[in-house]
Asker: 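So that we are looking at the same thing, I have put the structure below in structure tokens.
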Amino acid sequence: MSGEASAGAGPGAPEPWGETRVVGKPLPRIDAWERVTGAAVFTRDLTLPDMLHAAVLRCPHAHARVRRVDLAVAARRPGVRAVLGPDGPGAAIPWYPDREGKPTSRLLDPDCRYQGEEVAAVAAETLAQAQEALAAVAVEYEVLPAVTDMERALDAGAPAVHARGNRQGERFGYSRGDLEQGLAQADAVVELTTRSACSVHTPMEVHCSVAHWEGHQLTVWDSTQGVFAVRAELAAALGLPLSSVRVVSHFVGGGFGGKLQLSKHTVLAALLARAAGRPVKLALSREETLRCVGNRPPNRLTVRAGARRDGTLTALGLEALGTGGAYPASATSGLLVGDLYRCANVRTAHDNVHVNAGPGRAFRAPGVPPAAFALEQAMDALAEKLGLDPLELRLANLPTGSQTRGLPFTSTGLERCLREGARAFGWREARARARDAGPLRRGVGLAAGMWGYEGDPRATALVTLLADGSATLNTGAVDIGTGTRTVLAQVVAEELGVPLERIAVENADTGTTQFSPPSGGSQTVLVNAPAVRAAALEVRRKLLGIAAGELHAAPGSLRLEGGAVVTAAGRRVLLKDLAGLAERVSLVGVGERAPHPPGKLALPFAAHFAEVEVDVRTGQVRLLRLLAVQDSGRVMNALTFENQVHGGVVMGLGFGLTEERVLDHATGALLSRGWHDYQLPTALDAPASIDWLPVDPHDRECNSVGAKGLGEPAHIPTAAAVANAIHHATGVRPLEAPMTPPRLVALLARARS
Ligand code: MOS
């Protein structure tokens, strides 16, 4: 089970596991009871004694300058305990840094660059009183011309979002070989341009912070993906030492990248709490979260792809336009074009423009699902042109390493994802079926994907074995709903043989737990589980030392299982009966994650296979079945793995078929202001069957648990696979996401005429 240090999975890491007993099993979440009964306290549920409620006044214009704010009347309204405007303390805290780290705005900035930008805030005894007071704030705006359409932002004479113009930095990109030469060498070339709408994260739990000062000590309960990230940013914003800020996030209802960083409402809550001398809760409404705490930027992507008759790719080009909204944010990704397939001649160029819209943020594999939607449709079209099966075209161009970074992969499961997926899906048979002639057309499509982030390896965990044989795990990792607590507890159970129900997890509290990077970037398990394993192994070594002495056995001959030590001869001694453990009261192990394997990249891969039915009269698309094949390395928990795949696929369906932030380009107003207009897929939209097939390459180098990331790769290829299936079913290529009925009906009509 355990092993000594070796160079296998990073310097100083323990030997990889062989067979496991607890890890990998489909175990329900250890906190399922709290979650299901509603006993779990999310930040939104938290109430502190004497707590006030805050609300934010937001600019009603897409672009305006605040000339004057009068808070005097509002401050006298019933129940109001604190007000904060653009001249108040903290209002000038720098915000939205550019690539060089220079701020482009401030916490409450007189220059408002999108509809919904923060102007002032109020804390009162009740939320109703705070909202009522906001109505009494007198603001004089100078309304300015706005641009919300990214394709118009660079036009001559377009309204300037920032004084220095609408370009967010210079065009940037990547190149290897010679794209034009590669296109010239090709026997077939395709060029297509996709457009994808802006999506909004819409986690079940809205963003919320509760701030509480005790003297100079600030505690913030925050619905966040990363308590340590928020602590660092909040301490910097308020000019406090890290030790004066505590951030807690015990239960979180999703984040998807929208809760990776500090948000303005958190600082406003802290400032209002300080002014009022009372705890303050600031919970955003659903509409506010659709405006101001991030989104997946819209993309316009032009892909050029060329290949020889045998399928060998000779050229891949990407021209990308995106917008981080009114403030700096990355908008497009060149990852797939640069690294998903072996190709000698590649060139990418990215333009990122400013528009008068809410700022972009990291969103589940930032930029990559839109890029998959473009690249994987281009691959599909190229295969068609060459008369090849799209599966064969992909198999002809498998990578073995990152060509953009010049490093081999520790494992490359892409080929197995494609081959085993095709077999399990019945790809060839389904593909060969004749196109239906009636109004309901069925088709199948596939798309591949990969993810490019290895994770921030700096994670520490602490495991304590207690005298009665139970154990605690202390980790800073946030469980954003994916089952992090459960999976990390399984690692402890695996190494110590302590039953899962006797392990308590304390997590995501900067005041009491160990450092962990944010739960994002598909890094949570692969960064934290090795640290937890190292901590458990330290406890294990101490425990076996004690047991060996008492049982007169060599430590290496003992096993730990069922809360007992078992000798080679089969003698069982419960941990609580070890005198040495009782004497020590507890055994503590501190574990750090070993660095990444030097000179290699550990990255996950995926292939999704979709079957759709398109009603060519209405443009309605029904996903009949989807198979997600994931090389995420070891499956740590078959149940949470499946859950993650379901979430990624359904979110991919939303991206592909229904979700669209709609702005009125004439006024700059947000039109999709709630779940009526911003259409998340519901249970009725999810396919009857989402199948998942893990491909485990038994990567012994990636880290000491053998797991690679899953959260993002489970989402990346979905929409592209559906698009290719729609093409197979109907013959039209849906280049615009979401592929809504009106868009498809228009495409089908054009194809008929
Ligand atoms: Mo993710 S976009 O790193 O939560």
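Counting convention: from 1, in listed order, for ligands and their atoms alike. Throughout, residue positions are numbered sequentially from 1 according to the sequence presented. Atom set for the values below is all heavy atoms of this structure, side chains included, hydrogens, waters and symmetry mates excluded.
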Asker: Using modelled atom types only, decide if a donor and an acceptor are shared between the side chain of Y96 and the backbone of P328 within a distance under 3.5 Å.
Answerer: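 Not at all, since once roles are kept as given, no pair shorter than 3.5 Å links the two residues.
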Asker: Can you tell me if R361 has a non-hydrogen atom under 4.0 Å from ligand 1?
Answerer: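 False for this residue.
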Asker: Ignoring hydrogens and angles, tell me if any N or O in the side chain of Q523 forms a donor-acceptor pair with the backbone of P518 under 3.5 Å.
Answerer: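 Checked: pair present.
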Asker: Check ligand 1 against G521 and write out every atom of the ligand that is under 4.0 Å from a heavy-atom position of the residue.
Answerer: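 What qualifies from ligand 1 is 1 (Mo), 3 (O).
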Asker: Would you please classify the geometry between the H201 ring and the F363 ring as parallel, tilted or perpendicular, with 30° and 60° separating the classes?
Answerer: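 The rings of F363 and H201 lie parallel, inter-plane angle below 30°.
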Asker: Under a 4.0 angstrom heavy-atom cut-off, which atoms of ligand 1 come close to E712?
Answerer: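 Going through ligand 1 atom by atom, the ones under 4.0 Å from E712 are 1 (Mo), 2 (S), 3 (O).
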Asker: Please identify which atoms of ligand 1 are closer than 4.0 Å to at least one heavy atom of R364.
Answerer: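 Listed by number with element: 2 (S).
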Asker: Atoms of ligand 1 less than 4.0 Å from G520 heavy atoms?
Answerer: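 By the 4.0 Å cutoff, the relevant atoms are 1 (Mo), 3 (O), 4 (O).
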Asker: Taking N352 for its side chain and Q168 for its backbone only, find out whether a donor-acceptor pair lies under 3.5 Å.
Answerer: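 Not confirmed, N352 side chain does not pair with Q168 backbone.
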Asker: I want to know if ligand 1 touches Q225 in the polar sense, i.e. an N/O pair below 3.5 angstrom.
Answerer: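 So ligand 1 has an N or O lying under 3.5 Å from an N or O of Q225.
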Asker: Would you say A362 and ligand 1 have an N/O pair spaced under 3.5 Å apart?
Answerer: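 No, since none of the N or O atoms of A362 sits under 3.5 Å from an N or O of ligand 1.
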Asker: Given S522, which partner from the list E712, R364, K708, Q644 fulfils the side chain to side chain donor-acceptor pair (under 3.5 Å) test?
Answerer: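 When side chain to side chain donor-acceptor pair (under 3.5 Å) is applied between S522 and each of E712, R364, K708, Q644, only E712 qualifies.
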Asker: Between T512 and E506, do the side chains contain an N or O donor and an N or O acceptor separated by less than 3.5 Å?
Answerer: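 The criterion, which ignores hydrogens and geometry beyond distance, is satisfied for E506 and T512.
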Asker: Which of the atoms of ligand 1 are close to F363, meaning less than 4.0 Å from one of its heavy atoms?
Answerer: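 The atoms of ligand 1 under 4.0 Å from a heavy atom of F363 are 2 (S).
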